[in-house]
Protein chains: 2
Amino acid sequence: MPTIKDVAKRAGVSVTTVSRVLNHHPHVTDELTERVLVAIEDLNYRPSRVAQRLRASHSRLVGVIFSDITNPFYVHVLRGIEHVLSRGGSSVLIGNADANTDREASFIRLMQTEDVGGLIIAPTREDSSALASAIEQGLAVAVVDRRMHNIEVDTVVVNNFEGSLKAIHHLIRLGHTRIGIVSGPLHLTTGRERYAGYLQAMADAGLRVDSSLACFGDYRQSSGYELSWQLISLPDPPTAVFVANNQMTIGALNAIHEAGRNIPSDIAVIGFDDLSWAISLNPPLTTVAQPAFEIGVNAARLLLERIANPRRPTYTVVLETELIVRASCGSPVQSKSS
Amino acid sequence: MPTIKDVAKRAGVSVTTVSRVLNHHPHVTDELTERVLVAIEDLNYRPSRVAQRLRASHSRLVGVIFSDITNPFYVHVLRGIEHVLSRGGSSVLIGNADANTDREASFIRLMQTEDVGGLIIAPTREDSSALASAIEQGLAVAVVDRRMHNIEVDTVVVNNFEGSLKAIHHLIRLGHTRIGIVSGPLHLTTGRERYAGYLQAMADAGLRVDSSLACFGDYRQSSGYELSWQLISLPDPPTAVFVANNQMTIGALNAIHEAGRNIPSDIAVIGFDDLSWAISLNPPLTTVAQPAFEIGVNAARLLLERIANPRRPTYTVVLETELIVRASCGSPVQSKSS
DNA sequence: ATAACCGTTGAAATCGTTACCAGAGATATT
DNA sequence: AATATCTCTGGTAACGATTTCAACGGTTAT
C-alpha cells in the first residue's frame, strides 16, 4: 500500500504538505493542494489509521462491550451507536463479555491497549473496579442499559421502574390479581428497578404480593424457561406473568406452550423489550418496549461530547419505555381468586 | 499509560530486552527476565497494540463485515468467529454494510487502513470488485454464507440446495402438493441454491410448479410479509409455504396470523435458519437449521491458516443443514387439490 | 595462543503518520 | 529603510513498539 511518502514524492512536495492537505490545514496554496490531491487519486492512497492513532491525539476508534451480543436488544443499541459514530468517521471495536466479569475486565484492558478514544459498555456489575480504574486513567466512557454504583459516568438508561409499573397496571386493569414475575437478578439496576415497579404497582392496587409468585432469573432464556415452569406448576398458579427481559420471555413462552396452557385464557404474558417477531407470535406479544436504537444514539453522542470535553460534568439520560398492547394479555378477564 | 521505555528504565535494561521477554525470545537470562517481569507487574504495563501493529508483521486484528448485523444468524456466526479468534489474541473490528454495496466497499477500505490481518465477510454481491481488488492487494479474506463468482477465496457455506430439498420433501411426504416458496433474491447464491432445491424436490415428486406460487424477496422481514400476503390471497392458495430465511419467516408468520389463517391446518410453514425462539412459537416452527456458530468457527480457522500461509490453495467448506421437525407443518394432511 | 563461535545485551533504524520549529519571501508597519 | 508580521513550505523529532546489527565476554576448537 502507498504511504504518505509516496504521495509526497509523486506530488513533488514534502510529507508535511501532504499531511496538511489531508487534515485541511490552512496556509497551503491551491496549486500544491491540487497536485497533492491528484497524487492521492493516482496512487489510490488512504492514510494508515494505525499510524494516525499512534501519533495523533484523536483515535477515531471506540470500543463497545456488551454482556451478550446474542441479545437483539444490544444489537439494536449497537446499530444506534454505529449510526452516530460512522458519521464521525470512527470504527467500532466490539467485545462480548458473555456476562463474565473477568472477560469484561480483560476486554476493558484490550480496549486500552488498542488505544480507543472512548468506550461504551453495558457492565456486568454495578461496581466494576476495572471500569472504575479505566475511567480514573482518563478513558472516556459511556454506560448503557445499567447504572453504575459509586462511579460518576455518563449513562443512558430507560425508566425501568415506570415501564414495569405500566406493565403491571395494564394487567391489573384487565382484572388480574394473581400476577407473577420472572424478574432479572437483583444485583443489576435493571433487575431491581423493574422488580420495584412490580411491587409498587401491586401496592398501588392494594394487592398483596405472594412471595411464591416472584422469582429471579439471570436474564437468560433457560432461566425464563425454568422459572416459568415453576410458576405454572404451583397449586394456585398466577393468571398473568410479567417477564423482565426478552430472552427470558422466549423461555417462558416455551414452558407455557409445553405445559399446554393457553395464552391468554389460562395465563396472560407480558414481556420487557420489544422484538421484531413479537408481532408474529400467536398470540402477538404485549411488551414494554425500550427505544434500543435511541439508547445507542444517545450513548454515542454523550461519548463524543466527553471526548471533546473531558472535564464536562456527567450526564444521565433516561429514556421512556412504551407499552405496546397486543394480544397476549387478552381482553379483560374475571379475576379467578376471590 | 506506561510505555516500554518506562519498563526498561525501571528494570534497568534496554527496551530491546523488554521486547524480547514480551515476545518470549530465547537468549535472555533468567535474572533479567525476572527483573523485567517484575517491572511490568509493578507498572501494570501492557504493550500498545497500535504500536505493535504499525511495526510488527502480525496485526492481531481481523475485520468482520456483515450485510445485516440485525439478523441473529450473523450474530451467531460472529460468536463462532470470536470464539476462535479470541484464543489467538485477536480483536474484532466490525462493519455493518446494511446490504449496501457502497457501504460494503467503504468498509473494506476502512479495514485496510486499519491494517487488519484478515477479513471475514458475507458479501452483498457475488462479484464485488472492491473485495476482488483487496484480495489482489494481498488481504487475507474468508467469505461466509455466500459464494463469490470469479474470485478464488476461502469460503464457508452450507449445502443450501440439500437443505431446501429436505424441506420440500418433508412437505411432500406430509401430503402437500401445492407448495409455495418465498425465496431469496436470485442474484445471491443462497437465493439461487435454495430455489433450485425447491424446484428439484418438486420435480422429484413429479409435481408441476405453479409459477404464481414462487415469489422472490430480499431476505428482509417486510418482503416476507408482503409476499406471504400475496400467496395467501391467491384464489387457490398453497397449502404449505417454504420461507427461505429467518427474517422473511417472521414477516410470513405475521401475515398469516393477520389473515386469520391457522398453522398448520390452513397452511403449513417451514423456515430456513433456526432461531432461539422458533420453539416458543405457537405452533413451534419447523425449520432447516444452519450451524451458524460452526460457520464462524470454520471461517476463522480458514482465515488464520491463510494468514499463516498466504500461498495456500483456497478451500471451500460446505457444512450440512439439519431439518428440525416441530409442529408448524402438522401431521400428514390430505391433499386438497386433485 | 589464536581463531571461531555462541549466548547475551544494547544502540539505532524503522513502521506511517502528525507536530514543532525554522526559514524564505512577501507584505505591512514604523 | 529597517523591522515586524504574515503566508507558505520543508526538515526533523516524536508516537511505542520490533528488528537488524554490532559488540562483548566466555567457551571451545585448532
Side-chain angles (χ1 to χ4, degrees), chain A residues 1-37 39-40 43-61 89 91 109-110 112-117 137-138, chain B residues 1-37 39-40 43-61 89 91 109-110 112-117 137-138:
Chain A
M1 301 212 78
T3 77
I4 199 173
K5 269 189 181 168
D6 301 321
V7 174
K9 196 168 296 172
R10 183 170 239 269
V13 299
S14 71
V15 293
T16 309
T17 300
V18 177
S19 177
R20 283 204 183 94
V21 338
L22 243 33
N23 297 289
H24 305 108
H25 277 177
H27 307 322
V28 40
T29 54
D30 290 352
E31 196 218 326
L32 285 200
T33 303
E34 182 59 21
R35 261 166 46 202
V36 168
L37 256 22
I40 286 176
L43 296 173
N44 195 22
Y45 163 82
R46 294 290 177 279
S48 155
R49 306 192 70 156
V50 181
Q52 288 182 321
R53 191 165 299 133
L54 182 61
R55 188 61 178 88
S57 48
H58 61 268
S59 157
R60 290 177 180 286
L61 176 70
S91 327
R109 210 43 196 275
L110 172 70
Q112 293 182 288
T113 62
E114 287 284 6
D115 192 26
V116 296
Q137 288 166 42
Chain B
M1 301 212 79
T3 76
I4 197 172
K5 269 189 181 168
D6 302 320
V7 175
K9 196 167 296 173
R10 183 171 240 268
V13 299
S14 71
V15 294
T16 311
T17 300
V18 178
S19 176
R20 284 205 182 94
V21 339
L22 243 33
N23 297 287
H24 306 104
H25 277 178
H27 308 322
V28 37
T29 55
D30 290 351
E31 195 217 327
L32 286 200
T33 304
E34 183 58 22
R35 265 172 37 208
V36 169
L37 256 23
I40 287 175
L43 296 173
N44 196 21
Y45 163 83
R46 292 290 177 280
S48 156
R49 307 193 70 157
V50 180
Q52 288 182 322
R53 192 165 299 133
L54 183 61
R55 188 60 177 84
S57 47
H58 60 266
S59 157
R60 289 175 180 285
L61 176 68
S91 327
R109 211 44 198 273
L110 172 70
Q112 292 183 290
T113 63
E114 288 283 7
D115 193 25
V116 297
Q137 287 167 42

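The structure displayed is predicted, hence computed values, not measured ones.
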| said: Can you measure His25(A) atom NE2 to dT9(D) atom C1' for me and round it to whole angstrom units? | reply: 14 Å
| message | Enumerate the salt bridge (Lys or Arg N to Asp or Glu O under 4.0 Å) contacts for residues 16-27 of chain A, please, sequence neighbours excluded, ordered by first and then second residue. | response | none
| field | Interatomic distance, His27(B) NE2 vs dA22(D) P [rounded to whole Å] | value | 18 Å
| said: Applying side chain to side chain donor-acceptor pair (under 3.5 Å), can you list everything that pairs with Arg46(A), at least two apart in sequence or on another chain? | reply: none
| field | Sugar-phosphate or base contact per nucleotide [nucleotides 10-18 of chain C; S, B, -; heavy atom under 4.0 Å] | value | BBBBBBBBB
| Atom pair distance, as rounded to whole Å: NE2 in His24(B) and P in dT18(D) | 12 Å
| query | Taking only residues two or more places apart in sequence or in another chain, which ones pass side chain to side chain donor-acceptor pair (under 3.5 Å) with Arg35(A)? | reply | Glu31(A)
Let me check something: any side-chain donor-acceptor pairs from residues 52-59 of chain A under 3.5 Å, sequence neighbours excluded? List them with distances.
from: Arg53(A); atom 1: NE; to: Ser59(A); atom 2: O; distance (Å): 2.9
from: Arg53(A); atom 1: NH1; to: Glu114(B); atom 2: OE1; distance (Å): 3.0
from: Arg53(A); atom 1: NH2; to: Ser59(A); atom 2: O; distance (Å): 3.3
from: Arg53(A); atom 1: NH2; to: Glu114(B); atom 2: OE1; distance (Å): 3.1
from: Arg53(A); atom 1: NH2; to: Glu114(B); atom 2: OE2; distance (Å): 2.8
from: Ser59(A); atom 1: OG; to: Leu61(A); atom 2: N; distance (Å): 3.4
from: Ser59(A); atom 1: OG; to: Asp115(A); atom 2: O; distance (Å): 2.8
from: Ser59(A); atom 1: OG; to: Gly117(A); atom 2: N; distance (Å): 3.2

| dG16(D) C1' sits how many Å from Arg53(B) CZ, rounded? | 13 Å
| request: Would you check, one step at a time, whether the test side chain to side chain contact (heavy atoms under 4.5 Å, CB included) holds for Tyr45(B) with Leu22(B)? | output: CA-CA 11 Å; Tyr45(B) 163 83; Leu22(B) 243 33; 3.8 Å; yes
| request: Could you state the atom-to-atom distance from CZ of Arg60(A) to C1' of dC15(D) in whole Å? | output: 18 Å
| Ser48(B): what forms a side chain to side chain donor-acceptor pair (under 3.5 Å) with it, not counting sequence neighbours? | none
| note | Nearest heavy-atom contact between Gly89(A) and Arg49(A) is O-NH2, 2.6 Å
| request: Would you mind reporting whether Ser19(A) and Ile4(A) have side-chain heavy atoms less than 4.5 Å apart? | output: yes
| message | At 10 degrees resolution, what angle do the end axes of the helix from dA1(C)-dT30(D) to dT30(C)-dA1(D) form when each is taken over five base pairs? | response | 60°
Protein-nucleotides 23-28 of chain D N/O pairs under 3.5 Å:
none

| request: May I ask you to test the Thr29(B)-Thr33(B) pair for a side-chain heavy-atom distance under 4.5 Å? | output: no
| task | Figure out the CZ/C1' separation between Arg49(B) and dT18(D), and round it to whole Å. | result | 15 Å
| query | Nearest heavy-atom pair of Leu37(B) and Val21(B): which atoms, and what distance? | reply | CD1-CG2, 3.9 Å
Run the side-chain donor-acceptor check on residues 5-15 of chain B: report pairs under 3.5 Å with partners two or more places apart or on a different chain.
from: Asp6(B); atom 1: OD2; to: Thr3(B); atom 2: N; distance (Å): 2.8
from: Arg10(B); atom 1: NH1; to: Asp42(B); atom 2: OD2; distance (Å): 2.6
from: Ser14(B); atom 1: OG; to: Thr16(B); atom 2: N; distance (Å): 3.4
from: Ser14(B); atom 1: OG; to: Thr17(B); atom 2: N; distance (Å): 3.3
from: Ser14(B); atom 1: OG; to: Thr17(B); atom 2: OG1; distance (Å): 3.3

